[in-house]
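First the structure, in the form of C-alpha cells, and then the observations on it.
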Amino acid sequence: MAKQVKTIGVLTSGGDAPGMNAAIRAVVRTAISKGMKVKGIMRGYAGLLQEEIVDMSSTDVSNIIFRGGTILYTARCMEFYEASYREKAFHNAKEIGLDGLVVIGGDGSYRGAGYLSELGLPCIGVPGTIDNDIASTEYTIGYDTAMNTVVECVDKLNNTCQSHERCSVVEVMGRHAGHIALNTGIATGAVQIITEEIPTPIDDVVENIKKIRESGKDHFIVIVSEGYGNPVEIATQIQEKTGIDSRATILGHVQRGGNPTLKDRVNATRMGYYAVKLLEEGKTNRVVALQQGNLVDYDIQEALRMKKPLDMDLYNM
Ligand code: ADP
C-alpha cells in the first residue's frame, strides 16, 4: 500500500497561462477533501529554494477560478539547472514535510520535477502553457483562452483592414510551435499562416496575396508565429511587392492574460484533481495529459521524448 500522503505542495513555473489558478484551486480543494495539508510554493522553483512557502486553505483559493495569471506567481529559476541547488530545494521540501509536489508548467518545469522525483520527492506535472507545445498532451491549460484572445484582436484588426484596404501581418505566440497560429489563422480567415514548421517563402506569400486580390478581395490577414521571423519585415516586403498598404502587429503578452475560458477552467480543474489522485496513489515522476479527451498520465522522461507535429491536415484544409 502507498505511504500515506499528508502534505503536498503546489507551484506554477515557466510562463503563466490563464487557467493556472483554476488548477491551483483544484489541487488545494482536492487535497483538503482527502485530509491532506497543502503548501503553496511562491514563484516556481525559486520559492522552494528561498523557502517562500505559504499554507493554503480552501478559502485561499476562493474567487480565483475565473482569474487569469497565477496567485502563486511564477518565475524562471536559473539555479535549478544546477544539481546542488536542486538538492537544496529537495532538502527544504523534506524539512517542511512535503510528501509530494504538483508542478504546473511546461516541459522545462517537467525536467525540474523529474530531477526532484529522482531525489525522492514524488512530483506530478500538470501542463500549463498557452502555446500547447507539450508533446505528451493534446491540450495545455491556457491554450483556449489565448486563442480566443487572438481571435478577438484579429477580428478588430480585420475591421480596420477592410476600411483601409490593407494587409495586417499579425505575430502570435507559440514559441517554436505553430499551434496557436494555425488554429487562429483558420478562425480569422487569414489568407496565409506562416510558422516555423511551414516556413513559406515571402515570394510565395506575395504570389498568394496577388492571386487572392485578383479574385476581388481587398484586405488581408497574415498570421505569423513567433519564432518564424520579423513581422515588420514581412509587412514591408508585402507592401513593396504588392503595393498593398501593410502593417505589422505583435500581439505579445496580451495573449497571456484574461479570464480563462470555460474549456480552460474545466480542463485545469480536471487536471489538478487528477494530479492529487496520482500523489495519493503513491505515484511519482508522472505528468498529467489529455488524450482524446481523456485524462492519462505518463512517466516524465517518456513524456519529454514525445513529439507533437503540427496538424498538417488542418493546414492543408
Ligand atoms: P516551461 O516550464 O514553460 O517550459 P522553462 O523552460 O522556462 O518554462 O522552465 C521553467 C523552469 O523550470 C526553469 O526556470 C527552471 O527553474 C526549471 N527547469 C527548466 N529546465 C530545467 C532543466 N533542464 N533542469 C532543471 N530545471 C529546469
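Numbers here simply count residues along the sequence, with the first being 1.
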Practice problem: Please assess Lys37 against Asp55 for the test salt bridge (charged side-chain N to carboxylate O under 4.0 Å, His left out), listing each intermediate value before the final yes or no. | Solution: CA-CA 8 Å; Lys37 289 201 168 80; Asp55 290 329; over 6 Å; no
Exercise. Take Lys156 and Glu152, measure what salt bridge (charged side-chain N to carboxylate O under 4.0 Å, His left out) needs, and give me the verdict at the end.
Key: CA-CA 7 Å; Lys156 288 178 179 170; Glu152 194 187 331; 3.5 Å; yes
Quiz item: Less than 4.5 Å apart, any side-chain heavy atom of Ile198 and any of Ile194?
Solution: no
Lys/Arg N to Asp/Glu carboxylate O, [X] vs [Y], below 4.0 Å:
| X | Y | answer |
| --- | --- | --- |
| Asp99 | Lys6 | no |
| Lys241 | Asp203 | yes |
| Glu52 | Arg43 | yes |
| Arg213 | Asp218 | no |
| Glu214 | Lys210 | no |

Self-check item: Shared hydrophobic cluster for Ile134 and Leu304 (ILVMFWY, side-chain gaps under 4.5 Å)
Solution: yes
Quiz item: Taking all atoms of both residues into account, what is the closest heavy-atom pair of Ala248 and Ala235, and its distance?
Solution: N-CB, 4.0 Å
Quiz prompt | Heavy-atom pair of closest approach, residues Leu116 and Leu48 | solution = CD1-CD2, 4.0 Å
Practice problem: Answer yes if the side chains of Thr195 and Ser225 hold a donor-acceptor pair under 3.5 Å, and no otherwise. | Solution: no
Practice problem: Classify the side-chain pair His219/Glu165 by whether it contains a donor and acceptor separated by less than 3.5 Å. | Solution: no
Is a donor on one side and an acceptor on the other found under 3.5 Å between the side chain of [X] and the backbone of [Y]?
| X | Y | result |
| --- | --- | --- |
| Tyr139 | Asp144 | yes |
| Arg67 | Asn259 | no |
| Glu226 | Val172 | no |
| Asn132 | Tyr143 | no |

